[in-house]
Amino acid sequence: MSEYAKVISFIFDLAGNEFMTQILLVALLFIPVCKRRSLFFVRYPLCLAVMVLYHWLCRLCNWNILPPLSYFFTVVMLFCTNLICFRTDVWQALFLSVCVYCVQHLISNISYSLIYVIVFSAKRWEPFEYYFIIMPIVTAAGMAAAYFFMVRWLCFTEELKFNSNVVIYIITAFILVASVLTYYGRQSIFYMLDGVTYMLIIASLFTVSTLVMGFMNIRKQQLEQENTILIELMHKDKQRYEQAKLSNEKIQIKYHDIKQREHQGIVDYEELSEIEGDKEILNSTYFTGNPALDVVLSEKALLCGRLGIRFICTADGSVIEFMKPYHIYSLIGNALQNCIESVREQDDDVQKEIIVEIVRRNNMCVIKTTNYSCDALVLKDGIPQTKKTDIENHGFGTKSMRNVVHKYGGQISFISENNIFTMLAAIPLLR
């Protein structure tokens with residue numbers, strides 16, 4: 001066992017010490033999270049080499065630097081490394097540095113906690129050499145857990161955004177606890193094995209809490225940003241509804257006036273020529289009993305006619321009279337726009353068809369759209385993922401639809417079978 005311990009100690013010495021070895025391993029784990037700067041494979045090794053050199057010099061030159069201060073210097077160097085090597089802002093670089101330090105701190109605390117439990121149970125120090133078996137196992141397990149629960153989640157996050165005040169609080173509290181209180185606490189009760197063990201366990205729990213708070217902060221900022229965008233989209237949908245409604249009313253009034261004058265034997269050929277241009281619009285006009293639904297169906301039917309898409313609609317406007325007009329426009333408009341975008345590029349005319357049903361079934365309002373789709377359905381949180389490359393600025397239409405349906409206590413689902421895509425929303429009518 002002593003020879004094995006010497007090998008592990010030698011590996012630690014290559015990186016300066018045990019602390020730096022763990023920091024290096026965990027830092028490599030987080031490389032996929034951010035976009036790299038040019039000459040990354042030159043910048044990154046050089047930055048890590050500077051960190052290792054610092055710890056070598058501390059050991060070889062016997063620099064009397066307090067460990068908490070040395071830990072702090074390492075985190076600062078790690079922060080600078082992230083700024084130099086990755087395309088991150090200050091907050092992102094700081095957050096990633098603290099993530100690396102948190103994982104390292106957690107690995108170290110768990111390793112020492114386990115060995116102290118063994119030593120405390122044996123009531124002698126000889127089993128401490130098993131630390132060199134426990135620590136590599138805990139390091140491997142900790143890195144695997146960090147990858148699956150942290151790195152993968154961060155990789156799928158389009159952009160890391162934070163509440164800066166929360167980040168400052170988290171970082172300050174963690175560095176104080178991790179680099180100062182834990183170190184001096186261990187020194188003061190070193191021979192109280194049970195006390196050291198309990199303190200390390202508490203420090204581990206605090207580290208986990210720090211990570212949870214950081215990730216919750218990211219998620220909260222994401223939700224706030226999405227909510228702001230969805231409110232903006234709803235406002236725009238409301239404006240578009242009002243404009244479409246006004247245009248439709250003008251055409252209807254003009255057509256009604258001309259028909260009235262024709263009955264009186266008065267024919268205005270100039271007005272007739274003008275109305276011919278609106279004939280396509282009139283042919284696409286729907287009368288379902290709900291003005292808002294009429295506007296959106298007429299608008300999308302007109303668009304389908306111009307794109308050569310068959311538009312088959314069965315709609316009872318009275319079924320959705322409980323909904324606000326701009327909510328109707330947003331829900332139905334987004335659903336039909338998604339259908340149009342899916343079938344407009346199809347080469348086969350048979351596939352260029354959209355079916356819409358808005359009917360009452362028992363005590364439910366059922367809204368259903370069906371269209372052909374050759375793309376595989378990829379769902380995230382129950383929402384189809386956009387196929388557009390600009391993910392940050394697309395994909396909010398379906399989220400807006402879900403918000404509208406949930407606002408009225410309903411449920412929405414998206415189904416794809418045999419290249420047929422179906423959007424199905426069910427909203428209770430008994431309120």
Any idea how [X] and [Y] line up, ring-wise: parallel (<30°), tilted (30 to 60°), or perpendicular (>60°)?
{"X": "Tyr408", "Y": "His327", "value": "perpendicular"}
{"X": "Tyr131", "Y": "Tyr112", "value": "parallel"}
{"X": "His55", "Y": "Phe19", "value": "tilted"}

Worksheet item: Looking at residues at least two apart in the chain, or sitting in another chain, which of them share a side-chain hydrogen bond (donor to acceptor under 3.5 Å, both in side chains) with Thr314?
Response: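 None.
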Distance check, rounded to the nearest 0.5 Å: [X] atom [atom1] versus [Y] atom [atom2]?
{"X": "Ile137", "Y": "Ile110", "atom1": "CD1", "atom2": "CD1", "answer": "13.0 Å"}
{"X": "Cys58", "Y": "Asn17", "atom1": "SG", "atom2": "CG", "answer": "8.5 Å"}
{"X": "Met51", "Y": "Cys80", "atom1": "CE", "atom2": "SG", "answer": "9.5 Å"}
{"X": "Tyr101", "Y": "Ser108", "atom1": "OH", "atom2": "OG", "answer": "9.0 Å"}
{"X": "Phe421", "Y": "Asn371", "atom1": "CZ", "atom2": "CG", "answer": "7.0 Å"}
{"X": "Thr369", "Y": "Asn334", "atom1": "OG1", "atom2": "CG", "answer": "11.0 Å"}

With the side chain counted from C-beta on, respond yes when [X] and [Y] share a heavy-atom pair under 4.5 Å apart, and no when they do not.
{"X": "Val404", "Y": "Met323", "answer": "yes"}
{"X": "Asn290", "Y": "Ile328", "answer": "yes"}
{"X": "Ile115", "Y": "Ser111", "answer": "no"}
{"X": "Cys34", "Y": "Gln92", "answer": "no"}
{"X": "Arg37", "Y": "Ile84", "answer": "no"}
{"X": "Leu154", "Y": "Phe95", "answer": "yes"}
{"X": "Leu303", "Y": "Gln337", "answer": "yes"}
{"X": "Met364", "Y": "Ile427", "answer": "no"}

Please find the pair of heavy atoms, one from [X] and one from [Y], that lie closest to each other, and give the distance.
{"X": "Gln346", "Y": "Cys374", "answer": "NE2-SG, 3.9 Å"}
{"X": "Cys313", "Y": "Leu297", "answer": "SG-CD1, 3.8 Å"}
{"X": "Met143", "Y": "Leu25", "answer": "CE-O, 3.3 Å"}
{"X": "Leu293", "Y": "Gly317", "answer": "CD2-CA, 3.8 Å"}
{"X": "Ser342", "Y": "Tyr372", "answer": "OG-O, 3.0 Å"}
{"X": "Cys47", "Y": "Cys85", "answer": "SG-SG, 3.9 Å"}

Worksheet entry | Side-chain donor/acceptor of Asp294 to backbone N/O of Thr288, under 3.5 Å | yes
Worksheet item: Are any side-chain N or O atoms of Arg43 and backbone N or O atoms of Ser38, one a donor and one an acceptor, separated by less than 3.5 Å?
Response: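 Answer holds: yes.
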Discussion item. Set out, in order, the CA-CA distance, both residues' side-chain angles and the distance that settles side-chain contact (heavy atoms from CB on, under 4.5 Å) for Val151 and Phe30, then state yes or no.
Written reply: CA-CA 6 Å; Val151 175; Phe30 280 81; 4.0 Å; yes
Fill in: Pair Phe322-Leu429, side-chain contact (heavy atoms from CB on, under 4.5 Å): steps then yes or no
CA-CA 8 Å; Phe322 61 89; Leu429 292 173; 3.3 Å; yes
Worksheet entry | Identified side chain to side chain contact (heavy atoms under 4.5 Å, CB included) counterpart of Ile354 within the set Ile340, Ile312, Asn338 | Ile340
Worksheet entry | Test side chain to side chain contact (heavy atoms under 4.5 Å, CB included) applied to Val26 and Thr21, Leu106, Thr139, Val100, the passing residue | Val100
Over 12 non-hydrogen atoms of neighbours within 6.0 angstrom of [atom1] in [X]:
{"X": "Asn362", "atom1": "CG", "result": "no"}
{"X": "Arg361", "atom1": "CZ", "result": "no"}
{"X": "Tyr54", "atom1": "OH", "result": "yes"}

Worksheet item: salt bridge (charged side-chain N to carboxylate O under 4.0 Å, His left out): which pairs involve residues 309-329, sequence neighbours left out?
Response: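 Residue pairs passing salt bridge (charged side-chain N to carboxylate O under 4.0 Å, His left out), neighbours aside: Arg310-Glu353.
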Worksheet item: Hey, mind stepping through Ser330 and Met401 against side-chain contact (heavy atoms from CB on, under 4.5 Å) and telling me if it holds?
Response: CA-CA 7 Å; Ser330 179; Met401 291 161 56; 6.0 Å; no
Worksheet item: Is there a donor in the side chain of Ser97 and an acceptor in the side chain of Asn82, or the other way round, less than 3.5 Å apart?
Response: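 Yes, because at least one side-chain N or O of Ser97 sits under 3.5 Å from a partner of the opposite role on Asn82.
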Practice prompt. Please identify each residue that fulfils ring pair (Phe, Tyr, Trp, His ring centres under 6.0 Å) with Phe86, with sequence neighbours left out.
Written response: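 Phe86 satisfies ring pair (Phe, Tyr, Trp, His ring centres under 6.0 Å) with Phe40, Tyr44 only.
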Practice prompt. Give the intermediate values and the outcome of side-chain contact (heavy atoms from CB on, under 4.5 Å) for residues Ile412 and Ile367.
Written response: CA-CA 9 Å; Ile412 187 168; Ile367 303 169; over 6 Å; no
